[in-house]
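Only one structure is covered here, and it is reproduced in the block below.
Values reported hereafter were calculated over all heavy atoms of this structure, with side chains retained and with hydrogens, waters and symmetry mates removed.
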Amino acid sequence: MTTAPQSVSPDRPTWELYSTCIQCGLCLNACPTYRVLGMEMDSPRGRIYQVLQVDSGKLPVAESFVTHIDRCLDCRGCESACPSGVQYGRIVERARAVIEHEYRRPWLERKLRNYFFNSVLRDQRKLAGWARRLRFLQKSGLQKLARATGILKLLGLANVEKLAPKFDEKFYFDELGQAFPAVGKVRGRVAFLAGCIASVAFAELNRATVRVLQQNGVDVFVPREQGCCGALHAHAGFRDQARELARNNIRVMLDGKFDAIVTNAAGCGSTMKEYSDLLEHDPEFAGRARDFAAKVKDVTEYLVQLGIKPPTKKVTGRITYQDPCHLAHGQNVRTQPREILKLLAVDFVEMQHADICCGSAGTYNVTHNELSMQILDQKMNSVKGVKPDTIVTANIGCVLQLRAGVTRHNMKAGVKHLIELLDEAY
């Protein structure tokens, strides 16, 4: 008879979480890594089994376990497929927290992870500084030179370099603390999460998001003291750091004058809706985290709930839609983006496997680039099936990944965030 292992830390996968898996295997075809690799240990069922073995002391937190857990995209497609309601995202994030505490990664990897997660993402000035340096490389021609001379290929960075966004001339940090009044009758008031990477690489998307909300009669506030949402930290196993970031955002964004807390990034929205999980054992913030999570809305979700203002013109050309994983599987927001597209598009065609991960997954396409590209190739084969002029998604990571896919497959299709199209139509 199997007994429940004794887990004392809130950052370990619990028996209550992983014992709900009945090992039926219905998750296998929904798992991008299993679809590419065909290995049981790289499926959700296989990873849960490994977590159980670690928690019972039968498997060490060593290289094999770390490899299979790290290979997971945390896309949560398995959650949508699971008939038993397994909360796989919570399991894998806790498993990564165990790895972070009990496994010693190679020296360079430790240093890079610590600097990126605990310094750059948590300091807007450092993030802006790195963005300015990278922007200089892009504009000076040094990036093209490195590409042409083969240095990037020699260093194994050729595919990673193709994923790099073009950094904005004017970062969105300048707009923190500002208020943007509704156009016409006020129908709502929201706090807007600007995001960290989005503020330096997708500032114009943020501005478009604010304009779209204004056009729909919404007063938009961009709280000055907001910070990173903590999504990348939670996904990587840095749960204590994710909690600190969550507490900060709760302090500065949870306010009775806001109808909702709005984001245009699926990963951010999914994590903010789960602040109550991160802070469930915090006596001061547990209740506030539940209140905060209840107010978080993806911008597409909020607009449809509010009653979207029909655009004045249609977008020509064939359009298809790629579901961001943390929007479809993490938040169950599927119909709302499609409702908006039906208002916008003359010719909207669904692709096959629209909700299978594109391989972006936060930093995954950098840390596991080769596997990410194999997953992307499967996605682009689905895209080719509908021959679109424009591929639309609703998450910045997916935008970058799909743009790389278009280049990789020599396609002529454009890639846009849904809100960019809506802004243009207004």
Nearest 0.5 angstrom please: Ser360 OG to Leu73 CG, how far? 9.0 Å
Checking Thr320 now: which residues fulfil side chain to side chain donor-acceptor pair (under 3.5 Å) with it, not counting sequence neighbours? none
For a quick check under 3.5 Å, do Glu93 and His235 share a side-chain donor-acceptor pair by atom type? yes
Would you check if the side chain of Arg288 reaches a backbone N or O of Glu284 as a donor-acceptor pair within less than 3.5 Å? no
Between Phe173 and Phe171, how do the two ring planes meet: parallel, tilted or perpendicular, split at 30° and 60°? perpendicular
To the nearest 0.5 angstrom, please state how far the OH atom of Tyr275 sits from the CD1 atom of Ile261. 9.0 Å
Can you sort out the partners of Glu100 under side-chain contact (heavy atoms from CB on, under 4.5 Å), two or more places apart, ordered by chain and number? Arg105, Arg113, Phe238
Distance-minimising heavy-atom pair for Arg243 and Leu278: NE-O, 2.8 Å
Would a 4.5 Å heavy-atom cut-off, applied to side chains only, mark Pro311 and Leu343 as touching? yes
Do NZ/NE/NH1/NH2 and the carboxylate oxygens of Arg334 and Asp323 come within less than 4.0 Å? no
Go through Phe180 and Asp219 one step at a time and tell me if the side-chain contact (heavy atoms from CB on, under 4.5 Å) criterion holds. CA-CA 6 Å; Phe180 300 88; Asp219 285 336; over 6 Å; no
For the pair Thr20 (side chain) and Leu17 (backbone), establish whether a donor and an acceptor sit closer than 3.5 Å, ignoring hydrogens and angles. yes
Is the shortest heavy-atom distance from the side chain of Leu26 to the side chain of Pro83 under 4.5 Å? yes
Do Leu371 and Gln374 make a side-chain contact, defined as non-hydrogen atoms from C-beta onward lying under 4.5 Å apart? yes
Please walk me through it: do Asp277 and Arg90 pass salt bridge (charged side-chain N to carboxylate O under 4.0 Å, His left out)? CA-CA 9 Å; Asp277 173 57; Arg90 295 189 178 190; 3.6 Å; yes
What I'd like to find out is whether the side chain of Leu303 reaches to under 4.5 Å of the side chain of Leu213, using heavy atoms alone. yes
List the atom of Asn216, the atom of Tyr426, and the distance in Å for their closest heavy-atom pair. ND2-OH, 3.2 Å
Flag, side chain of Gln50 to backbone of Phe65, donor-acceptor distance under 3.5 Å: no
Test item: Gln124 side-chain N/O and Gly227 main-chain N/O as donor-acceptor pair under 3.5 Å: no
Salt bridge or not between Arg318 and Asp347? Use side-chain N to carboxylate O under 4.0 Å. yes
Would you call Arg239 and Asp11 a salt bridge, taking side-chain N to carboxylate O under 4.0 Å as the test? yes
Any idea which heavy atoms bring Thr363 and Phe116 closest together, and the distance? CG2-CE2, 3.9 Å
So, His329 and Ser80: side-chain donor and acceptor under 3.5 Å apart, yes or no? yes
Between atom OH of Tyr18 and atom CD1 of Ile91, what is the distance when rounded to the nearest 0.5 Å? 9.0 Å
Tell me, with the steps shown, if Tyr34 and Asp42 meet side-chain contact (heavy atoms from CB on, under 4.5 Å). CA-CA 6 Å; Tyr34 183 80; Asp42 287 310; 5.8 Å; no
Is the shortest distance from a Lys or Arg side-chain nitrogen in Arg122 or Glu244 to a carboxylate oxygen in the other one below 4.0 Å? yes
Assess whether side-chain contact (heavy atoms from CB on, under 4.5 Å) is satisfied between Arg338 and Phe348, documenting all intermediate values. CA-CA 9 Å; Arg338 289 171 170 83; Phe348 170 51; 4.1 Å; yes
Arg187 side chain to Leu306 main-chain N or O, any donor-acceptor pair under 3.5 Å? yes
What one should report as the nearest heavy-atom pair of Met380 and Val406 is CE-N, 3.8 Å
Please answer whether the main-chain N or O of His353 pairs with a side-chain N or O of Lys379 as donor and acceptor at a distance below 3.5 Å. yes
Without hydrogens or angle criteria, can the side chains of Gln241 and Asn118 be said to hold a donor-acceptor pair below 3.5 Å? yes
Do Asp298 and Thr300 have side-chain atoms, one donor and one acceptor, less than 3.5 Å apart? yes
Go through the steps for Val315 and Leu341 under the test side-chain contact (heavy atoms from CB on, under 4.5 Å), then give the verdict. CA-CA 9 Å; Val315 177; Leu341 277 173; over 6 Å; no
Between Ser372 and Gly359 (side chain of the first, backbone of the second, donor and acceptor by atom type, cut-off under 3.5 Å), is there such a pair? yes
Please step through salt bridge (charged side-chain N to carboxylate O under 4.0 Å, His left out) for the pair Arg76 and Glu274, ending with a clear verdict. CA-CA 14 Å; Arg76 298 168 66 169; Glu274 293 173 357; 2.8 Å; yes
Are the side chain of Arg96 and the backbone of Ile69 linked by a donor-acceptor contact shorter than 3.5 Å? yes
Examine distances only and state if a side-chain atom of Ser43 and a backbone atom of Glu40 form a donor-acceptor pair shorter than 3.5 Å. yes
For Phe221 together with Phe258, are the ring centres under 6.0 Å from each other? yes
Between Glu424 and Lys416, is the closest basic N to carboxylate O distance under 4.0 Å? yes
Ignoring hydrogens and geometry, is there a side-chain-to-backbone donor-acceptor pair from Thr263 to Ala265 under 3.5 Å? yes
So, do Pro32 and Cys357 sit near enough that their side-chain heavy atoms are less than 4.5 Å apart? yes
Arg247 bridged to Asp282 by N-O distance under 4.0 Å: yes
Could you walk me through whether Lys342 and Glu339 pass the salt bridge (charged side-chain N to carboxylate O under 4.0 Å, His left out) check? CA-CA 5 Å; Lys342 286 171 184 175; Glu339 286 183 43; over 6 Å; no
Quick check: closest heavy atoms across Ala266 and Asn395, and the distance to 0.1 Å? N-OD1, 2.9 Å
Separation between SG (Cys325) and CD1 (Ile356), nearest 0.5 Å, reads 8.0 Å
Side chains of Asp377 and His409 only: does a donor on one sit below 3.5 Å from an acceptor on the other? yes
I need the minimum non-hydrogen distance between Pro324 and Thr393, along with the two atoms involved. CG-OG1, 3.5 Å
Donor on one side chain, acceptor on other, Asn249 and Gln226, under 3.5 Å: no
State, without any angle test, whether Asn264 and Thr209 hold a side-chain donor-acceptor pair at a distance under 3.5 Å. yes
